[in-house]
Amino acid sequence: MMHLFWLLYDMGYSCQINNRVLEEKDENRYCKSTLSYFRFTFDYLVGTNQLQFLIWNIILALIPFDLALLIRYFKKYRLVQILITIVWLVFFPNAMYMVTDFSHLSSIGTGLMTETQFFNYAILAVGVLTGLILGISSAHIVGRVYCQKLSTVWTIMFYVVLSFVSAYGIYLGRFLRINSWEIVSDPQKVIKLFMASISMHSLVFVISFGALQFALLVLYHMVRRINID
């Protein structure tokens, strides 16, 4: 229940930041409807033990999105903006990490034969896609803040570096169970595990998931550039 409380609180806070940045009435209506949807969805999750991890993971995925909005909001305060960007980079892998949550399909049952499996699969997919959209959107916002006035090449380079750095962060979180805040709370542990993690196993993971993230980021960037008017 505490995870659900923080999820709803953080989503409301994200809405407030976004409204302040964009100052659009439609954005406020969108935030309210989104918040209502998640309240229903995750009320169900609270009673579903095998999917409760999604609540915590989405809270973590919201953090880089919040920070990206703050980065755009503090564009006139360069030092503050850079400091927030560093924190954003540390937490960004938490959003893209959610693509690995499809590994929990085994606990649902891959056959999709019962009504419960249908619903649990839909909830899992919504959670994973929500985390990915939050992460991709935050990367797009930060990319525009730093690369909008530069050539497209710089934007692509930003996505390349971000994708593979994030992929390694996902590896550290998924296999070595390192949390983002442990960089500050227990840096010796992080350095020790980081050095021990260098292997062919981690290399293949980083290449695979780095390429996946890069493809998603570029696709999102291209779609956002399409003029639909």
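The two atoms that bring L54 and L124 nearest to each other are CD1-CA, 3.8 Å, heavy atoms only. Nearest heavy atom pair, residue A95 against residue A61, reads CA-CB, 3.7 Å.
Each of L132, V99, I136, I170 was scored for a side-chain contact (heavy atoms from CB on, under 4.5 Å) with Q213, with one residue passing: I170.
Interatomic distance, CG of N179 versus OG of S185, reported as 8.0 Å (0.5 Å rounding). Considering CG of L203 and OG of S197, their distance stands at 11.0 Å, rounded to 0.5 Å. Between H201 atom NE2 and Y171 atom OH the span is 5.0 Å, to the nearest 0.5 Å. Atom CG of L193 sits about 4.5 Å away from atom CD1 of I178, to the nearest 0.5 Å. Here CG of L60 is found 9.0 Å from CE of M98. Values are rounded to the nearest 0.5 Å. Expressed to the nearest 0.5 Å, how far OH of Y146 lies from CD1 of I141 amounts to 13.0 Å.
Cluster membership for I82 and L162, using ILVMFWY side-chain heavy atoms within less than 4.5 angstrom, is shared. By the criterion of side-chain heavy atoms lying less than 4.5 angstrom apart, applied directly or through intervening Ile, Leu, Val, Met, Phe, Trp or Tyr residues, F92 is not grouped with L83; the two fall into different hydrophobic clusters. Cluster membership for I133 and V223, using ILVMFWY side-chain heavy atoms within less than 4.5 angstrom, is not shared. Tracing side-chain contacts under 4.5 Å through hydrophobic residues (I, L, V, M, F, W, Y), one never reaches L79 starting from L89; they form parts of separate clusters. One hydrophobic cluster, built from ILVMFWY side chains closer than 4.5 Å, holds both Y77 and V142.
A 6.0 Å sphere centred on CZ of F118 holds more than 12 heavy atoms belonging to other residues, nucleotides or ligands. Counting non-hydrogen atoms of other residues, nucleotides and ligands closer than 6.0 Å to OH of Y220 gives a total above 12.
The pair K192-D186 does not count as a salt bridge, with every side-chain nitrogen at least 4.0 angstrom from each carboxylate oxygen.
Taking the six-membered ring where the residue is Trp, the centroids of F214 and F164 are separated by 6.0 Å or more.
Here the side chain of R177 pairs a donor or acceptor atom with the backbone of R174 at under 3.5 angstrom. In this structure a side-chain-to-backbone donor-acceptor pair under 3.5 Å is present from S180 to V90. Formation of a donor-acceptor pair under 3.5 Å by the S137 side chain with backbone atoms of L134 is not found in this model. A donor-acceptor contact shorter than 3.5 Å links the side chain of T100 to the backbone of Y97.
Counting only residues at least two apart or in different chains, side-chain hydrogen bond (donor to acceptor under 3.5 Å, both in side chains) contacts with residues 147-160 are absent.
Ring geometry for H140 against H221 counts as tilted: the plane angle lies between 30° and 60°, on a 0 to 90° scale.
Defined by atom type and a distance below 3.5 Å, a donor-acceptor pair is missing between the side-chain atoms of N94 and N57.
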